[in-house]
Participant: 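Have a look at this one.
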2 protein chains.
Amino acid sequence: MRQVAVIGIGQTKIDEQWTLSIRQIAIQAIRAALLDAGREAVDGLFISNMMSGILDEQNNLAALVADFAGLKGVETVKVEAACGSGGAAFRAGMMAIASGELESALVVGVEKMTDRHPHEITSALATAADADYEVDMGVSFVGLNALIMRRYMHEYGWKHGDFAPFAINAHANALHNPYARLHQAITLEDFEKSAMIATPINLLDASPIGDGAAAILLVPADSLEKGDRILVAGSAAATDTIAVHDRREPLFLSAAHKTAKAVYQQAGVTSGDIDLFELHDAFTIMSALSLEACGFAERGQGLRLGLDGEILPTGRIPITTRGGLKARGHPVGATGVYQLVEVVQQLRGECGATQVPDARIGMAQNIGGSGATIVTHILNRE
Amino acid sequence: MRQVAVIGIGQTKIDEQWTLSIRQIAIQAIRAALLDAGREAVDGLFISNMMSGILDEQNNLAALVADFAGLKGVETVKVEAACGSGGAAFRAGMMAIASGELESALVVGVEKMTDRHPHEITSALATAADADYEVDMGVSFVGLNALIMRRYMHEYGWKHGDFAPFAINAHANALHNPYARLHQAITLEDFEKSAMIATPINLLDASPIGDGAAAILLVPADSLEKGDRILVAGSAAATDTIAVHDRREPLFLSAAHKTAKAVYQQAGVTSGDIDLFELHDAFTIMSALSLEACGFAERGQGLRLGLDGEILPTGRIPITTRGGLKARGHPVGATGVYQLVEVVQQLRGECGATQVPDARIGMAQNIGGSGATIVTHILNRE
């Protein structure tokens, strides 16, 4: 198996992009990544997207984007794993290079979702859950996360304000990320007084949706000179039951645990070696569960890392260093690619005020559904 | 790169399956393929589907199916390339094995689409075309193919009845396929008198939609004993412009040509060595264009192969040997996997009355959109 390296990244600001079509948003990220890599052509295009069929009336999106990006004739495919689509597309592109089938793979996550009625968007997001046994019972996607969060608070005795550090850290870091959706510092008071959405999840527990695209260009590592390369050191995907009610332990992200274990082994590291962790903080509860499943905290103690300041860029395990889903924003099918782009920015030392000192090993974890599909990657700076 | 082999196949009858959910349909094909292979577990599940987000309100389909198929925890992803999704998922599964990341990959195509209003289905199918520059102008998917067919007839001087052999052969072959949607022989008179849909495409030029699933299990070839293996000898994907009006030569499937050339080279064969060809006959015009682009006929002369009986199971280049999209049926996102399952049936000699004598090299070509995404495979019996 050939080792795979990252040679280019690109991203658009996450925003309400009502004057741009989905293809135009994707093309902006593609151009940025090709420019960053100093390339003009690629062998394959791997698009991640969740909802273009529903919200943009557009399937066959990969062929569409290739066409309008000027990548005529190139092999393309779209990968979908709900909010975990980005990580899954990165893994598909990685395997295409590793197998020897392609010499370059451009992974592009894109979502355009804000210019529809909120009811349509909520319904589209709910397609990540079990349509027959969850959604038809009236549970929305935020509702499912609220059930998990309430159970967690009950089980381990935490109060709502204990989740605040995750949101405060994300908002603080996003201030320094020009591509972030929200540029607004928040306080514990803001967090506690924020409008309730689905008890106990309030507005500042939840990540904002957005329109945006991120791109990352992969090539065989042996095509680059050694030294200063960014390598894909670990890659794994796994699933749990799609419905939360079918899980023996709804407070344990088994697929996060399984994939973290796999990537640690592949990269020859332990959780203690990870310099930063771009986790999937769609809701504050998910930050806690992800940290616990990946070995950074005991079960029920993930909040402690926030309360102790260990998740800050200068802490033991910096998370959401560019704002995370919470403040960088969550353009659903694109999010996993944003996470990986941000890990690359950290490994390159491009993060200014939120730079993790001497970042060498970064991890990204992308979650589809309420823990159903999880894709975890480790990138290393040589 | 590791060579990849097929060790199991499964499929459901294509029909209106209103009493089954999409997960239940997929599971039937999965069980059949695992039983056929004598296995119970797999490393990865690659689902192909085009429209479940729109018609079944279900995304994250791969995680859902893995869960309910009893493949708990397994890596999954959904691949979408419109009607070319099946071939694309097969290629993704193949690359996962070839890369060394997985030791087994189950590729499952599934679509459930008949129990909705025809207007909804037509709209959902149109998402394969360019939403902004084709569909918003009022062109349906059959309308696009009608434009191509009319131009072909004008350019090369064929009359409508000359397309009949493609439909007649497909219907005749489907009589012997228990999984086929239509079991009804047709005559030239039937063909010419059939109801018009979009001039010049009538009902018997067009393939019927349906609900169905097909599955195929891949493993590394070196895990099997030599002799009597079915190997993936060639695999390629390419694109053309998504919109028909953007093509310099709208009567030439450039991505079919490109991928056929690639798979011939990979397999070390020429078009003359292909024993059977499961092509993408969504409309009769597509059979002609596919045969021409892959080197079986000169441009504009694909119909000659039908008129001369060369496409019959005993002819020079047998096509749609199990009924093709035309009569086996076209459950859109599943079709590409059906084609590959049928090639395997031919290579195994399981096709009874429509068996191609001593079939050793089979090709399958899956098309997404009106030629935008094309995935071509060659399978060899050792």
Side-chain angles (χ1 to χ4, degrees), chain A residues 1-2 21 23 44 50-51 53-54 56-64 66-67 72-82 84 88 91-92 94-101 123-124 126-132 135 235-243 246 254-255 258 368-369 372-373, chain B residues 1-2 21 23 44 50-51 53-54 56-64 66-67 72-82 84 88 91-92 94-101 123-124 126-132 135 235-243 246 254-255 258 368-369 372-373:
Chain A
M1 184 177 140
R2 299 201 291 185
S21 68
R23 78 190 79 190
M50 176 180 166
M51 299 184 296
I54 302 173
D56 306 278
E57 282 121 27
Q58 184 69 67
N59 277 306
N60 218 0
L61 184 64
L64 178 90
D67 182 3
K72 192 171 176 333
V74 78
E75 165 166 7
T76 70
V77 78
K78 184 192 84 181
V79 160
E80 187 268 322
R91 180 157 162 78
M94 186 279 292
M95 292 197 287
I97 304 283
S99 70
E101 283 285 308
S123 294
T127 62
D130 188 316
D132 296 335
V135 185
S235 173
T239 49
D240 200 342
T241 68
I242 189 161
D246 276 338
S254 68
K258 190 174 172 181
T373 307
Chain B
M1 183 179 139
R2 299 202 292 183
S21 68
R23 76 189 80 190
M50 176 181 167
M51 300 185 296
I54 302 172
D56 306 278
E57 282 121 26
Q58 184 68 68
N59 276 306
N60 218 359
L61 184 64
L64 177 90
D67 183 2
K72 190 171 178 331
V74 76
E75 165 166 7
T76 71
V77 78
K78 184 191 83 180
V79 160
E80 188 268 322
R91 181 159 162 76
M94 186 279 292
M95 290 195 289
I97 303 283
S99 70
E101 282 285 307
S123 293
T127 62
D130 188 317
D132 296 335
V135 185
S235 173
T239 48
D240 199 342
T241 67
I242 189 162
D246 276 337
S254 69
K258 189 174 172 182
T373 307

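In what follows, chains are A, B, ... by sequence order, proteins preceding strands, each numbered from 1. Just so you know, these numbers come straight off a predicted model, no measurement behind them.
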Participant: Ignoring hydrogens, what is the shortest heavy-atom contact between A/Ile242 and B/Gln58? Give both atom names and the distance.
Facilitator: CD1-NE2, 3.9 Å
Participant: Do you know the tightest heavy-atom contact between A/Ala128 and B/Asn60?
Facilitator: O-ND2, 3.1 Å
Participant: Heavy-atom pairs under 4.5 Å with chain B: which of A/Asp240, A/Asp67, A/Asn59 has the most?
Facilitator: A/Asn59
Participant: Of all of B/Gly368, B/Ala92, B/Gly73, B/Ala98, which one pairs up most often with chain A through heavy atoms under 4.5 Å apart?
Facilitator: B/Gly73
Participant: Between A/Leu61 and B/Glu80, which heavy-atom pair has the shortest distance, and what is it?
Facilitator: N-OE1, 4.4 Å
Participant: Output the option from A/Glu57, A/Met50, A/Met95 having the highest count of non-hydrogen pairs under 4.5 Å with chain B.
Facilitator: A/Met95
Participant: Identify, with sequence neighbours excluded, every residue that meets side-chain contact (heavy atoms from CB on, under 4.5 Å) alongside A/Ala255.
Facilitator: A/Ala238, A/Ile374
Participant: Between A/Gly369, A/Ala237, A/Ala62, A/Ala126, which residue shows the highest count of heavy-atom pairs closer than 4.5 Å to chain B?
Facilitator: A/Ala237
Participant: At a heavy-atom distance under 4.5 Å, which candidate from A/Lys72, A/Met94, A/Arg23, A/Arg2 has the highest pair count against chain B?
Facilitator: A/Arg23
Participant: Closest approach of A/Gly53 and B/Ile54, non-hydrogen atoms and distance?
Facilitator: O-CD1, 3.3 Å
Participant: Check side-chain hydrogen bond (donor to acceptor under 3.5 Å, both in side chains) between A/Asp246 and all other residues, then give those that pass, not counting sequence neighbours.
Facilitator: none
Participant: If you count heavy-atom pairs within less than 4.5 Å of chain A, which of B/Val74, B/Thr373, B/Thr76 leads?
Facilitator: B/Val74
